[in-house]
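Everything on this sheet refers to the single structure shown next.
Convention: sequence-line order gives letters A, B, ...; per-chain numbering from 1.
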Amino acid sequence: MPELPEVEVVRISLDTIICGLKIKNVDILNKKLRYIISANVKKDLKKQKIISVKRRAKFLLVNIDNNKTLLIHLGMTGKIFILDRTKKVTFKTSFYYYSNFLRKHNHLRIKFFNNLELIYNDVRKFGFIKLIKTNDLNNHSNLLNLGPEPLSKSFNFKYLKFKCLKSQKNIKNFLMDQKYVAGLGNIYVNEILFKSSINPRKITFKLKDFEICAIVKNTKKILKKSIKEGGSSIRDFKGTSGQDGYFQQSLMVYDRENQSCKKKTCKGKIKKINIGNRSSFFCKNCQK
DNA sequence: AGGCATGTTACAGG
DNA sequence: ACCTGTAACATGCC
């Protein structure tokens, strides 16, 4: 599912539901993910309490009270469900509609003493779950080379200009690269460049100051808006009552090939091109 | 049937 | 040692 806003929506939801809960048991239903789920996950989580749920880029960090952290990445199709086993008919789902046909892709189940269950489900198996020592977190290979959080103060004009001047990349690939700014993915980068009226193929050192400024401003604006609306940079996103995510309805360019540009004064059509093996959508008219 | 899909990373070549 | 681009991972949908 996930780019930064979706992961943040999951984080907020988990943080309010599972903090303080004590783990009764863990079942590894299918250990085959991007990395094999270690048997230690089952052993080390048992009887432990959840302290907090944090996020770094697209990673979820579930802090456990034995100085360990469960590092979760949702890959392309990872989903987390919370089920309420005290309710016999309807399950409590936190962000997705839980349906039976999804069950074959369940990988991990954490049962809590209060009868809530957390389920990690992943169709394409690009996600992963690792248990690591909390103290080693910052030096862990998956987190080591991440750039600043786009919503933090360190992602600002001065920083971005400095990095843009030193890079030969096009701006599309630059913003997708987690070492420059961490948490953006294909959909949001398309949307950010449209809103900033910048052609995705433009080389970063050629960007004008006002364009760099626009990227910073629009990145924060778009991410915040999407988090507020519940995130949904995914085709199969369903809210808790089955409705489409709001952000999906407000995508300006992504997946809109040949449709007309949504800017009122523009009559251009959205084009689709390939940049670095990923689809880029943009309006030729607005993004010169 | 074949192409495409929200992400990451190992690898080859410059 | 750095940078850049490509292929690979697994499954489902159109």
For DNA chain C, please output the secondary structure as dot-bracket, reading 5' to 3'. Pairs are Watson-Crick or G-U wobble, both atom distances under 3.5 Å; mark crossing pairs with [ ], other-strand partners with |, unpaired with a dot.
.||||||||.||||
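Of all non-hydrogen atoms in A:L207 and A:C164, the two that sit nearest each other are CD1-SG, 4.1 Å.
Within residues 192-204 of chain A, no residue has any heavy atom under 4.0 Å from DNA chain B.
Taking 4.0 Å as the cut-off between side-chain N and carboxylate O, A:R11 and A:E8 count as a salt-bridged pair. A salt bridge between A:E6 and A:K58 is absent, with no side-chain N of the basic residue lying under 4.0 Å from a carboxylate O of the acidic one. Using a cutoff of 4.0 Å between basic side-chain nitrogens and carboxylate oxygens, A:E149 and A:R56 are scored as salt-bridged. With respect to A:D65 and A:K49, no salt bridge is recorded, no charged nitrogen being found less than 4.0 Å from a carboxylate O.
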Polar atom pairs (N or O), protein with nucleotides 8-10 of chain B, under 3.5 Å:
from, atom 1, to, atom 2, distance (Å)
B:dT8, OP1, A:H73, NE2, 2.9
B:dT8, OP2, A:K58, NZ, 3.0
B:dT8, O2, A:R34, NH2, 3.1
B:dT9, OP1, A:N142, ND2, 2.8
B:dT9, O4', A:R34, NH2, 2.9

All N/O pairs under 3.5 Å across the protein-nucleotides 1-7 of chain C interface:
none

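Both thresholds, 5.5 Å between centres and 30° between ring planes, are met by A:F126 relative to the base of B:dG7, so the two rings are stacked.
Nucleotides B:dT6 and C:dT4, compared at atom P, are 22 Å apart to the nearest Å. Taking the P atoms as reference points, C:dA7 lies 14 Å from B:dG3, given to the whole Å. C:dG12 sits 22 Å from B:dT8 when the P atoms are compared, rounded to a whole Å. Of the P atoms belonging to B:dA10 and C:dA10, the separation is 15 Å, rounded to the nearest Å.
A:S197 meets the side chain to side chain contact (heavy atoms under 4.5 Å, CB included) test with A:K263; sequence neighbours excluded. Taking A:K161 as the reference, A:D209 meet the side-chain hydrogen bond (donor to acceptor under 3.5 Å, both in side chains) condition, with sequence neighbours excluded.
Remark: C1' of B:dT6 and CG of A:L223 are 14 Å apart, rounded to the nearest angstrom. Rounded to whole Å, the distance from CZ on A:R124 to C1' on C:dG12 is 9 Å.
For the pair A:K104 and C:dG12, the criterion of a side-chain N or O lying under 4.0 Å from OP1 or OP2 is met.
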What do the steps show when you test A:N199 against A:K288 for side chain to side chain contact (heavy atoms under 4.5 Å, CB included), and what is the final call?
CA-CA 5 Å; A:N199 189 294; A:K288 303 277 188 200; 5.9 Å; no
Between A:S226 and A:Y188, is a side chain to side chain donor-acceptor pair (under 3.5 Å) present by the stated rule, with each step listed?
CA-CA 10 Å; A:S226 181; A:Y188 288 99; 2.7 Å; yes
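When the shell of 6.0 Å around CG of A:N138 is examined, it contains 12 or fewer heavy atoms from other residues, nucleotides or ligands. More than 12 heavy-atom neighbours from other residues, nucleotides or ligands sit within 6.0 angstrom of OH on A:Y35.
Relative to the six-membered ring of A:F128, A:K130 meets both conditions, a distance below 6.0 Å and an angle of at most 45° to the axis.
Looking at A:S280 and A:K172, their side chains do bring a donor and an acceptor atom within 3.5 Å of each other.
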